[in-house]
S.K.: 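Have a look at the structure that comes next, please.
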There are 2 protein chains.
Amino acid sequence: MAARPAYLRPVPAISARDHVATELERIGTVVTAVRGMTVIEEDCAAEYVFKVVAGALRAVRLLPDGRRYVTKFLLPGDYFGFSEGESYGQSVEVVGDATFIRYSRSSFDALLARDPAAGRRFFGVVCGELCAAQERLLLLGRKSALERLATFLLGMADRSIAATPGENNEVHLPMNRSDIADYLGLTVETVSRLLTQLRHHRIIDLPTSNHVVFLKREELETISCGER
Amino acid sequence: MAARPAYLRPVPAISARDHVATELERIGTVVTAVRGMTVIEEDCAAEYVFKVVAGALRAVRLLPDGRRYVTKFLLPGDYFGFSEGESYGQSVEVVGDATFIRYSRSSFDALLARDPAAGRRFFGVVCGELCAAQERLLLLGRKSALERLATFLLGMADRSIAATPGENNEVHLPMNRSDIADYLGLTVETVSRLLTQLRHHRIIDLPTSNHVVFLKREELETISCGER
DNA sequence: CGCGTGCTTGAACATTATCAAACAGTGTGG
DNA sequence: CCACACTGTTTGATAATGTTCAAGCACGCG
């Protein structure tokens, strides 16, 4: 088997073999997109809902003066494009070549309208997203730069495919320093400095700038929840 | 009519007169709670879902060392207690004496299971919450202290009852400085200093410490989105 | 080989936090 | 009714964390 980085290994389009999954399969189209492409543009008509199959994307919001915030990194299994109103609330761009499934909003809505199981399913999905967002509000509101970075690294490790959460000891980071900084509410320089600081303390290793190895996972965990 | 502050004026328990509302009405119990009470405790079994009728509450998350973050202020019309798993993800405490409706999780789930309209409704509600959370991620990640405060004041004005959004020129703040600080990821001192700064620039007035009057709304709006 | 992009490192600076103290408003008990 | 205590707010001086600006380095690509 070819040595593809984990984030590029595809996962099955639909994981749970239930009837909601079958219905979704019927209405979805598989799409691939290359690095840098914009999949969704903020304030444009919300015509589709998506699910990531492989690769990585980022959800982005901008301030009028150009300051950028990365709301979320989208990895295999994640949905995106949900919106309450007529238009999308944020842009979504491709970080590393990605494959995803596209569902038209009208057929998605029709599914919700006729099938209570689908409604409950997606209600749960969005509740989970909301909970994750709250976790990040805590991170941005009350954690130090180092704590944010440690939390991020552990979180990425837990989210990577085919990893037992809490046990994965290396991560490939599909995004660059600038994306990480904008995700953690820091600057590129600070992210870079803290990574080298962790490296000098032999808590992580950085074989390449996108490949992180945890040398002392427990210590990272201690840092991440602010216990020092 | 008694001069009750707007945040204590009750709103109808159920606003939209549709059949989902009727179903909800059947399964809800009205509850009142006094200032300081804990309605939901983080990590406890998620047995109920709630909807605020009057008053104000705060959703809170804690770090092991005691740092606190206020995830959201809950005002009349807001739902709370949604959770993906078995337990709540955050605590909810009463800020100003509150009245709310309590729905048991099992009857709420049953409603979702039999009624597609209910599923869609709450899917939409949670999507809206998610969007608001993303707005706040941008605020915490990329806005300055002053920008955060301006955004907060305008946001509270828009959310107060019986106000035309964008036109309300005064707000009563049911929460104290410490709550505001924990909501904006700042300290009490910074919040206080920035409020007096806005007052000295005659952008707001503070007849009492919880009553804010907008003297130059446009300027607040300019500040809030970082255009200066 | 040279260019470009992204990453790292350093020095000076700014913003916001921390520590400390004074002040205001409210309720309680003498 | 006043003194007192309590809580919440404001203000000041100092310090820390993270930013900004600037330059050098590394890797990949034409």
Side-chain angles (χ1 to χ4, degrees), chain A residues 35-36 58 63 65-70 95-96 139-153 172-201 204-212 223 226 228, chain B residues 34-36 58 63 65-70 93 95-97 139-150 152-153 172-201 204-212 223 226 228:
Chain A
R35 190 187 142 90
R58 63 174 174 251
L63 245 22
D65 65 357
R67 275 174 287 176
R68 190 181 82 144
Y69 183 73
V70 171
V95 167
L139 176 142
L140 291 175
R142 287 294 174 236
K143 287 190 184 179
S144 72
L146 188 63
E147 289 161 5
R148 293 182 202 186
L149 187 65
T151 309
F152 169 71
L153 293 177
H172 174 91
L173 303 175
M175 69 295 284
N176 65 21
R177 297 288 186 267
S178 167
D179 289 334
I180 298 175
D182 286 342
Y183 180 75
L184 298 178
L186 302 169
T187 59
V188 196
E189 292 94 330
T190 303
V191 170
S192 178
R193 268 185 256 271
L194 294 176
L195 281 171
T196 46
Q197 183 179 315
L198 288 174
R199 191 157 51 79
H200 287 153
H201 286 56
I204 62 168
D205 190 18
L206 280 169
T208 76
S209 67
N210 286 333
H211 184 192
V212 180
I223 294 170
R228 64 173 244 177
Chain B
V34 296
R35 191 186 140 90
R58 61 173 176 252
L63 244 23
D65 64 358
R67 274 175 287 177
R68 190 181 81 145
Y69 183 72
V70 172
E93 300 157 1
V95 166
D97 300 358
L139 176 143
L140 292 175
R142 287 294 174 237
K143 287 190 183 179
S144 73
L146 187 62
E147 289 161 6
R148 293 182 202 186
L149 187 64
F152 169 72
L153 293 176
H172 173 90
L173 303 176
M175 69 296 285
N176 64 21
R177 298 288 186 268
S178 166
D179 289 335
I180 298 175
D182 286 342
Y183 180 75
L184 298 177
L186 302 169
T187 59
V188 196
E189 293 94 331
T190 302
V191 170
S192 177
R193 268 185 256 270
L194 294 175
L195 280 170
T196 47
Q197 184 180 315
L198 288 174
R199 190 157 52 80
H200 287 154
H201 286 58
I204 62 169
D205 190 18
L206 278 170
T208 76
S209 67
N210 287 332
H211 184 192
V212 180
I223 294 171
R228 62 175 247 175

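The structure displayed is predicted, hence computed values, not measured ones. Every chain is numbered from 1 and lettered A, B, ... according to where its sequence line falls, protein lines coming before strand lines.
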S.K.: Distance check needed: C/dT5 P versus A/Asn210 CG, whole Å only.
M.R.: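 Those two atoms, CG and P, are 17 Å apart.
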S.K.: Would you say A/Thr196 places a side-chain N or O within less than 4.0 Å of OP1 or OP2 belonging to C/dT9?
M.R.: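 Answer yes for this pair, as a side-chain N or O of A/Thr196 is under 4.0 Å from OP1 or OP2.
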S.K.: D/dG8 C1' sits how many Å from B/Asp179 CG, rounded?
M.R.: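 These atoms are roughly 11 Å apart.
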S.K.: Please state how far atom CG in B/Leu206 lies from atom C1' in D/dT11, giving the value in whole angstrom units.
M.R.: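 Distance check: B/Leu206 CG to D/dT11 C1' gives 15 Å.
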S.K.: Once you round it to whole Å, what is the distance between P of C/dC7 and CG of A/Leu149?
M.R.: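 That distance rounds to 13 Å.
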S.K.: With a 4.5 Å limit on heavy-atom distance, are the side chains of A/Leu184 and A/Tyr69 in contact?
M.R.: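 With C-beta onward as the side chain, the pair stays apart.
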S.K.: If you define the side chain from C-beta out and look only at heavy atoms, does anything of B/Val95 sit under 4.5 Å from B/Arg35?
M.R.: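 A side-chain contact is absent here, since even the closest heavy-atom pair is not under 4.5 Å.
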S.K.: Do A/His172 and A/Asn210 have side chains that get closer than 4.5 Å, going by heavy atoms?
M.R.: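 In contact.
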S.K.: Kindly indicate whether the side chain of B/Leu198, heavy atoms from C-beta on, has any atom under 4.5 Å from the side chain of B/Leu194.
M.R.: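 No, side chains not in contact.
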S.K.: Report the residue (A/Arg142 or A/Ser178) whose heavy-atom-nearest nucleotide on DNA chain C is the more 5′ of the two.
M.R.: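 Its nearest nucleotide being more 5', the pick is A/Ser178.
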S.K.: A side-chain contact here means heavy atoms from C-beta on lying under 4.5 Å apart; do A/His201 and A/Gln197 qualify?
M.R.: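 Yes - at least one pair of side-chain heavy atoms lies under 4.5 Å apart.
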S.K.: Could you state the NZ-P distance from A/Lys143 to C/dA17, rounded to the nearest angstrom?
M.R.: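 Rounded to the whole Å, the gap is 18 Å.
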S.K.: Which whole-number value in Å describes the distance from A/Asn176 CG to C/dT8 P?
M.R.: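 A/Asn176 atom CG is separated from C/dT8 atom P by 11 Å.
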S.K.: Heavy atoms, side chains only, cut-off 4.5 Å: are A/Leu195 and A/Leu153 in contact?
M.R.: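 In contact.
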S.K.: I need the CG-P distance between A/Leu173 and C/dG6, as an integer number of Å.
M.R.: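 Rounded to whole Å, this separation is 16 Å.
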S.K.: What I want to find out is whether B/Arg177 reaches B/Asp182 closely enough, with some N-O distance under 4.0 Å, to be called a salt bridge.
M.R.: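 No salt bridge links B/Arg177 with B/Asp182.
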S.K.: Quick one: A/Gln197 CD to C/dT8 C1', roughly how many Å, whole number?
M.R.: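 Result: 14 Å.
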S.K.: By side chain to side chain contact (heavy atoms under 4.5 Å, CB included), which residues pair with B/Thr187, not counting sequence neighbours?
M.R.: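 Checked B/Thr187 against side chain to side chain contact (heavy atoms under 4.5 Å, CB included); matches are B/Glu189, B/Thr190.
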S.K.: Got a salt bridge between A/Glu147 and B/Arg67, using NZ or NE/NH1/NH2 to carboxylate O under 4.0 Å?
M.R.: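 Between B/Arg67 and A/Glu147 there is a salt bridge, with a charged N closer than 4.0 Å to a carboxylate O.
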S.K.: Among residues 180-193 of chain A, which ones have heavy-atom contacts with DNA chain C below 4.0 Å?
M.R.: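 Output list: A/Glu189, A/Ser192, A/Arg193.
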S.K.: Mind listing the N/O atom pairs, protein and nucleotides 28-30 of chain D, below 3.5 Å?
M.R.:
none

